[in-house]
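When a residue number appears, it is its place in the shown sequence, counting from 1.
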Amino acid sequence: MAHREDRPALEVLELDHVVLRVRDQEASQRFYTTILGLTLDHVNEKARLVQLRAGRHLIDLLPLAPGETAAPAARMDHVCLSVRCDDLGRVGAWLRQQGVTVEGEIVPRRGAFGDGGSLYIHDPDGYRIELKPRDGAHS
C-alpha cells in the first residue's frame, strides 16, 4: 500500500461512463432511449460503440460478437441511474406495462445523493438498472 506522501494528487469527481456488452445493440438502444428516455450522443462505427447520454454521463453499448457470450466475471451487478420523477411507484407500474422486468418493489437505499426509495429493473440483456430519484420521491 502506498504511503500518503507517495500518493499523487487524484480526486475522483463522479462517474463518467459505463460500458455494457449487449447481444442486440439496436434493441438495447431502443430500450434506453424509448423506455428510459436517454438520448443518442455519439456513434463510433469503427469501435461499434453507441454512446447514450444520461445527464452528464454516458452509457456505452458495445455489441458482443455473433455467438459470443459475456463471461459472468465480465458482468456487473447493477448501474444506478439518478432520476427525477414524481411517483416512482407509477413509473414502476408503467414499466411493467411496457414489458420491462421490474424486480420487487420500491426499497429504501443509500446512494451518492442520499437515502431514498429506489427500484431495480432489467434491460434487454438482463443488466440490473437501479432507478433512484434524486429528490427522494418514492411514493
From I129, D123, L81, residue fulfilling side-chain contact (heavy atoms from CB on, under 4.5 Å) relative to I59: L81
Non-neighbouring partners of A112 that pass side chain to side chain contact (heavy atoms under 4.5 Å, CB included), sequence neighbours left out: none
Side chain to side chain contact (heavy atoms under 4.5 Å, CB included) partners of V19, counting only residues at least two apart: H17, D60, L62
Ring pair (Phe, Tyr, Trp, His ring centres under 6.0 Å) pairs, two or more places apart, involving residues 86-123: H78-Y120
Pairs meeting criterion ring pair (Phe, Tyr, Trp, His ring centres under 6.0 Å) with involvement of residues 35-55, two or more places apart: none
R30: side chain to side chain donor-acceptor pair (under 3.5 Å) partners, not counting sequence neighbours: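 R30 satisfies side chain to side chain donor-acceptor pair (under 3.5 Å) with no other residue.
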Between atom [atom1] of [X] and atom [atom2] of [Y], what is the distance when rounded to the nearest 0.5 Å?
X    : Y    : atom1 : atom2 : result
L95  : T101 : CG    : OG1   : 10.5 Å
R109 : L119 : CZ    : CG    : 8.0 Å
L36  : L52  : CG    : CG    : 10.0 Å
L40  : R53  : CG    : CZ    : 11.0 Å

Compare every heavy atom of [Y] with every heavy atom of [X], then report the nearest pair and how far apart it is.
X    : Y    : result
V102 : G92  : CG2-O, 3.8 Å
G111 : K132 : N-CE, 3.5 Å
L38  : A54  : CD2-CB, 3.9 Å
P133 : G117 : CD-O, 3.3 Å
D24  : A27  : OD1-N, 3.0 Å

Q98 atom CD: more than 12 heavy-atom contacts under 6.0 Å: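 Counting neighbours around CD of Q98, more than 12 heavy atoms of other residues, nucleotides or ligands fall under 6.0 Å, so yes.
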For residues [X] and [Y], determine if any side-chain heavy atom of one lies less than 4.5 Å from a side-chain heavy atom of the other.
X    : Y    : value
S28  : D125 : yes
L20  : V18  : yes
V100 : I35  : yes
L61  : Q29  : yes

Counting N and O atoms only, with roles assigned by atom type, does the side chain of [X] sit under 3.5 Å from a partner on the main chain of [Y], one being a donor and the other an acceptor?
X    : Y    : result
D87  : G89  : yes
E130 : I121 : no
R134 : S82  : no

Full working for salt bridge (Lys or Arg N to Asp or Glu O under 4.0 Å) between R23 and E68: CA-CA 8 Å; R23 291 183 303 263; E68 178 186 7; over 6 Å; no
Answer yes if [X] and [Y] sit in the same cluster of Ile, Leu, Val, Met, Phe, Trp and Tyr residues linked by side chain heavy atoms under 4.5 Å apart, and no otherwise.
X    : Y   : value
L64  : V79 : no
L49  : V22 : no
Y127 : V83 : yes

Residues forming a salt bridge (Lys or Arg N to Asp or Glu O under 4.0 Å) with E14, sequence neighbours excluded: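 In terms of salt bridge (Lys or Arg N to Asp or Glu O under 4.0 Å), with neighbours along the sequence ignored, E14 is linked to R56.
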Candidate pair E103 and R96, rule salt bridge (Lys or Arg N to Asp or Glu O under 4.0 Å), full reasoning: CA-CA 10 Å; E103 186 179 305; R96 284 183 175 98; over 6 Å; no
